[in-house]
Every structure is written in C-alpha cells, then in structure tokens.
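Accompanying notes for the structure given below.
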Amino acid sequence: MAKRYKVGVLKGDGVGPEIVEAAIDIFGTLDLGITFIELEAGYSYYQRIGRSIEEDFFSKVRELDAILKGPLYTPPHVREFKSVNILIRRELNLYANVRPFKSFESISLKNFNIVLIRENIEDVYVGIEGRYKDKAVSLRIITSEGSRRIAKYAFNYALQRGFNKVTVIHKANILKETDGLFREIFYKVSEEYPNVIADELIVDTAAYTIVKNPGKLQIILTPNLYGDILADLLAAMVGSLGLCGSAQIGENIAVFEPVHGVALDIAGKGIANPIGEILSAKMMLEYLGQRYSDNKLIKISEKIDEAVHIVIEKKRVWTPDLGGTRKTSDVVHAIKQVLIELLDVS
Ligand code: NAI
C-alpha cells in the first residue's frame, strides 16, 4: 500500500495564510496521500493567545513527515517577542537552508541556475547579544562541526543534482577566526569530493558576481547571515521575492517556506504571488519522494515546477510584483489547469 504522509501546516502571519492556502489548493487536485495537520505559532497567534507558539507544537511535530510553512512576523519594536523562526530552526535542528534561484524567461534580469545553501543555526543567529553602557555586543559563533555538516550537505547536493562546482562565500580576510574556520573546513571536506570543484568568493565580490555574472555560479555555500542577505539579492535577480521557495533540512524533519517575509504592505489584498510557497511545497514533495523512495511524488514535483514555468513564462499570469494585474487566485487556477494537462499526457 502506498505510504500516507503527515504534513504540518503553519500558515503564519501577513500574506502567509493566503499563499499557504494557495499551495494546498493545488495539492487538492492531486492524489498525494497527504494528511494536513494545522500548527499554530507567530505574531498573530501571540496577539490572540498571548504566547508565540502553541504549547504542544514540538510534540505534534514528532508525528510529522514535514512542515509546510508561511512566513512569520518578528516585529522589531516588540522587545519581549523573540523570533519563532529561529526557535523552530534551533529546536528541530534545521541546519541546512536550501534556496534554489532559477531564472524565468522574460522576467529575470539574467540567465542562471544558482542554489544557495546557507548554514541555518549558527553565526550571529545564536541570538546572544547585550548592551553594556554605550556599547551593544553580539556574539558570532561558528563551529567546526556545524561548518563540516553544511559543507558535506552542499557537496552531496551538488553530486546528486549534477552540479560540478561549490563556491564558499566568506570574509575570511577580515574575520580570520570565524569565517576562517568556515573556509578551512570547507576545503578539508572538499578533499572527499574530487569530482566537484571547490571555489571561493569574498562576500562583497559574491554580491557583485551575482549581479554581473550569475552564470558563473552554481552552488554557493554561506554562513548564516551572508546567506540571508544574498538570498534577497538573488531573488531580485530572479524577478521577485514572490517567486522563490526554500527548504530547511534537519536530520529528522524538514520545513518548507518561501524566501520572502510577511509582506504586510499587501497582506489581505489577494494579490500576493503564491509561486514562492508553491515551489516550497514542490521541494517538500521532492524531499518526501527521495526519503521514502516514492517516485510518484518526485514526478509530481517535477510537473509542478514545469507548470509554474509555463504559467509565468508562456501564459504570463503575473501578479503586481511581476508588473501584472492578476490575483493570487488567478495564478493558482492557471497552475491547476496546466498541471491537469501535464499529468494527463504523461
Ligand atoms: P518582505 O519579504 O515581507 O517584503 C519585501 C517586499 O517584497 C515587499 O514590498 C513585499 O510586498 C514584497 N513581497 C514579499 N513577498 C511577496 C509575495 N509573495 N508577492 C508579492 N510581493 C511580495 O520583507 P520585509 O518587509 O523586510 O519583512 C517583513 C517581516 O517579515 C520581517 O520583519 C520579518 O519579521 C518577517 N520575515 C519572515 C521570514 C520568515 O518567516 N521566513 C523571512 C523574512 C522576513
């Protein structure tokens, strides 16, 4: 009997509920064997209930195969409200943040296919900071173990997906200890992968290269903070934050969410681009398919990718972030139509 999957759904804040529902709507047309289980956390949950994450969140997660998530709001002006994203990453040990950036014909600024792999737990995101008189201090932690684990993930990812180069991004010329360690471990790990080229770029040059010559890059491996920043630059090169999805991978579970934030300026208007969430859901099917050797899920994930490209490149169903006038629901409808055709003929 085919496996049934349990997927947690955390709709999140701002545009989160609209785009997560859009992705699940697309799943509704497909026979995937997935049961969705609602999870609650975030700023709107905090405003309603007085806590940032439901009490039994992590015990519910133990029963799940994956989580599909919308963005969560961390208001900078509410000092006592700590990031739930960081809490989830740390508690579930989601050490690898994988963000594919593939250009779309007639939307993207240049032609490229880059996957950013970001260490997802360490760096300044350990959240150890303080104010001492007139000084504010933040601790940056990079460990050998964390650096080794993410470097191995990047090289394995390259091998599995047919890439032949991994470029480590750092500022080891200045940060000789922290970035120095990240870089050093990268080159050590690279010796185990003689068929993959190990390359490096200083983070500022990386920003320049992404805009000027993105075709030169394949897999880029970054410590946490640089990855956060370069991802938005890459999203701009793709054409919109609303077009980019991501996976956060741990040993036992993975969480899939768009690259963008809560987009409060357009929340509730029905015009959010759902593609980033849909591509995250597509990555989730690929993850489940590989983990449980379920070829049907892998095949459907490929068809979702194809349908997204047809809807954006050929049918040009564009939300306002792409310069169009179409609504979230129009994009969902168009993708469903194309998917039905693609799955019928195959
Ligand atoms: P943002 O990504 O929310 O928005 C930046 C710009 O991109 C805005 O103009 C927005 O309208 C547009 N945009 C984003 N997603 C879009 C979509 N799907 N369709 C169309 N346009 C879209 O970035 P911002 O404003 O810096 O972040 C707001 C808050 O979001 C942050 O303060 C943070 O709390 C949260 N955030 C959460 C993340 C997560 O849960 N993984 C990631 C990043 C930010």
Discussion item. Side-chain heavy atoms under 4.5 Å apart, restricted to Ile/Leu/Val/Met/Phe/Trp/Tyr: what other residues fall into the cluster of Tyr132, or is it alone?
Written reply: Val137
Practice prompt. Decide side chain to side chain contact (heavy atoms under 4.5 Å, CB included) for Met237 and Val211; before the verdict, give the C-alpha distance in whole Å, the side-chain angles of both, and the deciding distance to 0.1 Å.
Written response: CA-CA 7 Å; Met237 293 295 291; Val211 177; 4.2 Å; yes
Response to the item:
Checking Ile220, Leu116, Asp179 against Tyr226 for side chain to side chain contact (heavy atoms under 4.5 Å, CB included), the one that qualifies is Asp179
Would you list the atom pairs, donor with acceptor, under 3.5 Å between side chains in residues 313-323 and any protein atom, with sequence neighbours excluded?
from: Glu313; atom 1: OE2; to: Glu105; atom 2: N; distance (Å): 2.8
from: Glu313; atom 1: OE2; to: His309; atom 2: ND1; distance (Å): 3.2
from: Trp318; atom 1: NE1; to: Ile312; atom 2: O; distance (Å): 2.9
from: Thr319; atom 1: OG1; to: Asn273; atom 2: ND2; distance (Å): 3.4
from: Thr319; atom 1: OG1; to: Asp321; atom 2: OD1; distance (Å): 2.6
from: Asp321; atom 1: OD2; to: Ser240; atom 2: OG; distance (Å): 2.6
from: Asp321; atom 1: OD2; to: Asn273; atom 2: ND2; distance (Å): 3.0

Practice prompt. Please report the shortest heavy-atom distance between Gly14 and Leu264, naming the atom on each side.
Written response: CA-CD2, 4.0 Å
Practice prompt. Please tell me if the side chains of Thr74 and Lys82 come closer than 4.5 Å, counting only heavy atoms from C-beta onward.
Written response: no
Discussion item. Does Lys110 have more than 12 heavy atoms from other residues, nucleotides or ligands lying within 6.0 Å of its NZ?
Written reply: yes
Worksheet item: Looking at Phe112 versus Phe101, is the centre-to-centre ring distance below 6.0 Å?
Response: no
Discussion item. If the threshold is 4.0 Å, N to carboxylate O, is there a salt bridge linking Lys152 and Glu192?
Written reply: yes
Worksheet item: Which is it for Tyr125 and Asn120 under the side chain to side chain donor-acceptor pair (under 3.5 Å) test, yes or no, and what are the steps along the way?
Response: CA-CA 8 Å; Tyr125 291 74; Asn120 207 31; over 6 Å; no
Worksheet item: Below 4.5 Å, heavy atoms only, C-beta onward: do Ile142 and Ser147 meet side chain to side chain?
Response: yes
Fill in: side chain to side chain donor-acceptor pair (under 3.5 Å) partner of Lys102, the single match among Asn111, Asp305, Asn113
Asp305
Worksheet item: So, do Ile275 and Ile335 sit near enough that their side-chain heavy atoms are less than 4.5 Å apart?
Response: yes
Worksheet item: Under a single-linkage rule joining Ile, Leu, Val, Met, Phe, Trp and Tyr whose side-chain heavy atoms are separated by less than 4.5 Å, which residues share a cluster with Ile197?
Response: none
Fill in: Residues forming a salt bridge (charged side-chain N to carboxylate O under 4.0 Å, His left out) with Arg99, sequence neighbours excluded
none
Worksheet item: Could you state the interatomic distance from CD (Gln248) to OG (Ser280), rounded to the nearest 0.5 Å?
Response: 9.5 Å
Item to complete: Inspect the contact between Lys303 and Glu306 and indicate whether a charged nitrogen and a carboxylate oxygen are less than 4.0 angstrom apart.
Response: yes
Worksheet item: ring-ring contact (aromatic ring centres under 6.0 Å, His included) with Tyr73: which residues, sequence neighbours excluded?
Response: Tyr43
Worksheet item: Under a 4.0 Å N-O cut-off, is there an ion pair linking Glu54 with Lys60?
Response: yes
Fill in: Glu145 bridged to Arg149 by N-O distance under 4.0 Å
no
Worksheet item: Would Val203 and Leu230 satisfy side chain to side chain contact (heavy atoms under 4.5 Å, CB included), going step by step from the backbone distance to the final call?
Response: CA-CA 9 Å; Val203 62; Leu230 293 179; 4.3 Å; yes
Worksheet item: Between the side chain of Asp199 and the main-chain N/O of Thr167, is any donor-acceptor distance below 3.5 Å?
Response: no
Fill in: Verdict with reasoning, Ile253 to Ile67, per side chain to side chain contact (heavy atoms under 4.5 Å, CB included)
CA-CA 8 Å; Ile253 189 139; Ile67 297 174; 4.3 Å; yes
Worksheet item: Other hydrophobic cluster members with Ile298, side-chain heavy atoms of Ile/Leu/Val/Met/Phe/Trp/Tyr under 4.5 Å, chained?
Response: none
Item to complete: Give the other cluster members for Tyr45, using side-chain heavy-atom distances under 4.5 Å between Ile, Leu, Val, Met, Phe, Trp and Tyr residues; answer none if it is isolated.
Response: Ile49
Discussion item. For Phe163, is there any backbone N or O sitting under 3.5 Å from a side-chain donor or acceptor partner on Arg161?
Written reply: no
Discussion item. Test of understanding: with side chain to side chain donor-acceptor pair (under 3.5 Å), list the residues that count as partners of Ser144, not counting sequence neighbours.
Written reply: none
Discussion item. For a quick test of reading the model, state the closest non-hydrogen atom pair linking Ile169 to Ala206 and the distance between them.
Written reply: CD1-CB, 3.7 Å
Discussion item. Donor-acceptor check, side chain of Arg131 to backbone of Ala136, threshold 3.5 angstrom: yes or no?
Written reply: no
Worksheet entry | Atom CD of Glu38 with >12 non-hydrogen neighbours under 6.0 angstrom | yes
Worksheet item: Under 3.5 Å, is there a donor-acceptor pair between the side chain of Asn93 and the main chain of Gly250?
Response: no
Fill in: Test item: Leu279 and Cys244 side chains (from C-beta on) under 4.5 Å apart, heavy atoms
no
Worksheet item: Is Glu40 salt-bridged to Arg48, going by a charged N under 4.0 Å from an acidic O?
Response: yes
Worksheet item: Between Asp123 and Arg140, does at least one N-O distance fall below 4.0 Å, as a salt bridge requires?
Response: yes
Worksheet entry | Partners meeting ring-ring contact (aromatic ring centres under 6.0 Å, His included) with Tyr193 (sequence neighbours left out) | Phe155
Discussion item. Is the shortest side-chain heavy-atom distance between Val7 and Thr35 below 4.5 Å?
Written reply: no
Discussion item. Would you say that Pro75 contacts Phe81 through its side chain, given a criterion of any heavy-atom pair below 4.5 Å between the two side chains?
Written reply: yes
Worksheet item: Just checking, is any N or O donor in the side chain of Asn213 or Tyr208 under 3.5 Å from an acceptor N or O on the other one?
Response: no
Worksheet item: Looking only at heavy atoms, which two atoms of Glu257 and Gly70 are closest? And how far apart?
Response: OE1-O, 4.3 Å
Discussion item. Distance check, rounded to the nearest 0.5 Å: Ile210 atom CD1 versus Leu109 atom CG?
Written reply: 12.5 Å
Fill in: Value rounded to 0.5 Å, distance of CD1 in Ile53 from CG in Leu10
7.5 Å
Discussion item. Let me check something: do Ile24 and Val15 share a hydrophobic cluster, defined by ILVMFWY side-chain heavy atoms less than 4.5 Å apart, either directly or through other members?
Written reply: no
Fill in: side chain to side chain contact (heavy atoms under 4.5 Å, CB included) evaluation trace for Ile202 with Ile174
CA-CA 10 Å; Ile202 306 274; Ile174 305 297; over 6 Å; no
Discussion item. So does Tyr153 get a backbone contact from the side chain of Asn156, meaning a donor-acceptor N/O pair under 3.5 Å?
Written reply: no
Worksheet item: Is there side-chain contact between Leu39 and Lys11, with at least one heavy-atom pair below 4.5 Å?
Response: no
Discussion item. Is a donor from one side chain sitting under 3.5 angstrom from an acceptor on the other, for Tyr5 and Asp294?
Written reply: yes
Discussion item. I need the Leu285 CG to Ile34 CD1 distance, nearest 0.5 Å.
Written reply: 5.5 Å
Discussion item. Using the rule that Ile, Leu, Val, Met, Phe, Trp and Tyr join whenever any side-chain heavy atoms are under 4.5 Å apart, tell me whether Ile229 and Ile117 fall into a single cluster.
Written reply: no
Worksheet item: Heavy-atom distance under 4.5 Å between the side chains of Asp232 and Val259, does that happen here?
Response: yes
Practice prompt. Check side chain to side chain donor-acceptor pair (under 3.5 Å) between His333 and all other residues, then give those that pass, not counting sequence neighbours.
Written response: none
Worksheet item: Looking at residues at least two apart in the chain, or sitting in another chain, which of them share a side chain to side chain donor-acceptor pair (under 3.5 Å) with Arg291?
Response: Tyr287
Worksheet item: Looking at residues at least two apart in the chain, or sitting in another chain, which of them share a side chain to side chain donor-acceptor pair (under 3.5 Å) with Asp13?
Response: Ser44
